[in-house]
Amino acid sequence: MSTGHSEYEGLDFAIRTGDAADGTLVVVVSGDIDYTHFRELESAIDHRLANHDGAVRLVVDLAAVPYCDSCGMRVLLGASQRVTAAGGTFGVRGVHGEPKRALRLTGLDRVLRDAGTTGEVDARSHG
């Protein structure tokens, strides 16, 4: 397991990133992904992908996300398309409650694959 990094931390929203032992790039989100925070998620994903050429495996952990609006879903869909276009794999894990319902209602649950426990990582900030 590699080190984790704090990409963004606010009062009610945080993003941590890290690399799993199997090389999976992991982005862990805490808080609502909505109009006020979607840019931070987009930036964190862009930063992770910018440092890797070719096919990668990227997992976005949403276990601590109680709400995700259309802005957040657009970011997830865009990341999925970008990763798969480069021959990589993209998945989400920990989706529950309202975000799970929203993905199901929009049909995105069929596009954004459930990564289960793929890419276990300790994504705590190292200050």
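Heavy-atom basis, side chains included; hydrogens, waters and symmetry copies ignored.
- A salt bridge is absent between Asp61 and Arg16; no separation between the charged side-chain nitrogens and carboxylate oxygens falls under 4.0 Å.
- Between Phe13 and Asp32, every side-chain heavy-atom pair lies at or beyond the 4.5 Å cut-off.
- Remark: Cys71 SG to His37 NE2 distance equals 12.0 Å, nearest 0.5 Å.
- In this structure, the side chains of Thr89 and Arg113 come closer than 4.5 Å at one or more pairs of heavy atoms.
- A donor-acceptor pair is defined here as one N or O able to donate and one able to accept, closer than 3.5 Å; no such pair exists between the side chain of Asp34 and the backbone of Tyr67.
- Atoms CZ and CG, from Arg101 and Asp109 in turn, are 12.5 Å apart once rounded to the nearest 0.5 Å.
- When all heavy atoms are compared, the tightest approach of Glu98 to Pro66 is CB-O, 3.7 Å.
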> Given the rule in the side-chain contact (heavy atoms from CB on, under 4.5 Å) test, do Asp46 and Arg82 qualify, once you have shown the distances and angles that lead to the verdict?
Replying inline: CA-CA 10 Å; Asp46 287 348; Arg82 183 173 168 191; 2.7 Å; yes
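- When all heavy atoms of Ala63 and His96 are compared, the pair lying nearest together is O-NE2, 2.8 Å.
- A side-chain contact (heavy atoms from CB on, under 4.5 Å) with Leu77 is found for exactly one of Leu103, Thr106, Val111, namely Val111.
- Considering every non-hydrogen atom in both Ala55 and Gly87, the closest pair reads CB-O, 3.4 Å.
- With Arg74 contributing its side chain and Asp69 its backbone, the two residues share no donor-acceptor pair below 3.5 Å.
- You'll find the side chain of Val56 reaches within 4.5 Å of the side chain of Leu49, heavy atoms only.
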>> Under the criterion side-chain contact (heavy atoms from CB on, under 4.5 Å), I'd like the reasoning laid out for His52 against Leu58: C-alpha separation, chi angles, the key distance, then a yes or no.
In response: CA-CA 11 Å; His52 295 85; Leu58 175 66; over 6 Å; no
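- The closest side-chain heavy-atom distance from Ile15 to Val27 is below 4.5 Å.
- Between Val75 and Val60 the shortest side-chain heavy-atom distance does not fall below 4.5 Å.
- Arg93 places a side-chain heavy atom less than 4.5 Å from the side chain of Val26.
- The CG atom of Asp114 sits 7.5 Å away from atom NZ of Lys100, with the distance rounded to the nearest 0.5 Å.
- Across Ala64 and Val29, no two heavy atoms sit closer than the pair CB-O, 3.7 Å.
- The shortest non-hydrogen separation linking Gly72 to Phe38 is N-CB, 4.3 Å.
- Nearest heavy-atom pair across Pro99 and Cys68 is CG-N, 4.0 Å.
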>> Could you go through Leu76 and Leu62, starting from their C-alpha distance and side-chain angles, then the distance that decides it, and tell me whether this counts as side-chain contact (heavy atoms from CB on, under 4.5 Å)?
In response: CA-CA 11 Å; Leu76 295 172; Leu62 301 174; 4.0 Å; yes
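- For the atom pair Thr24 OG1 and Asp19 CG, the distance stands at 9.0 Å (nearest 0.5 Å).
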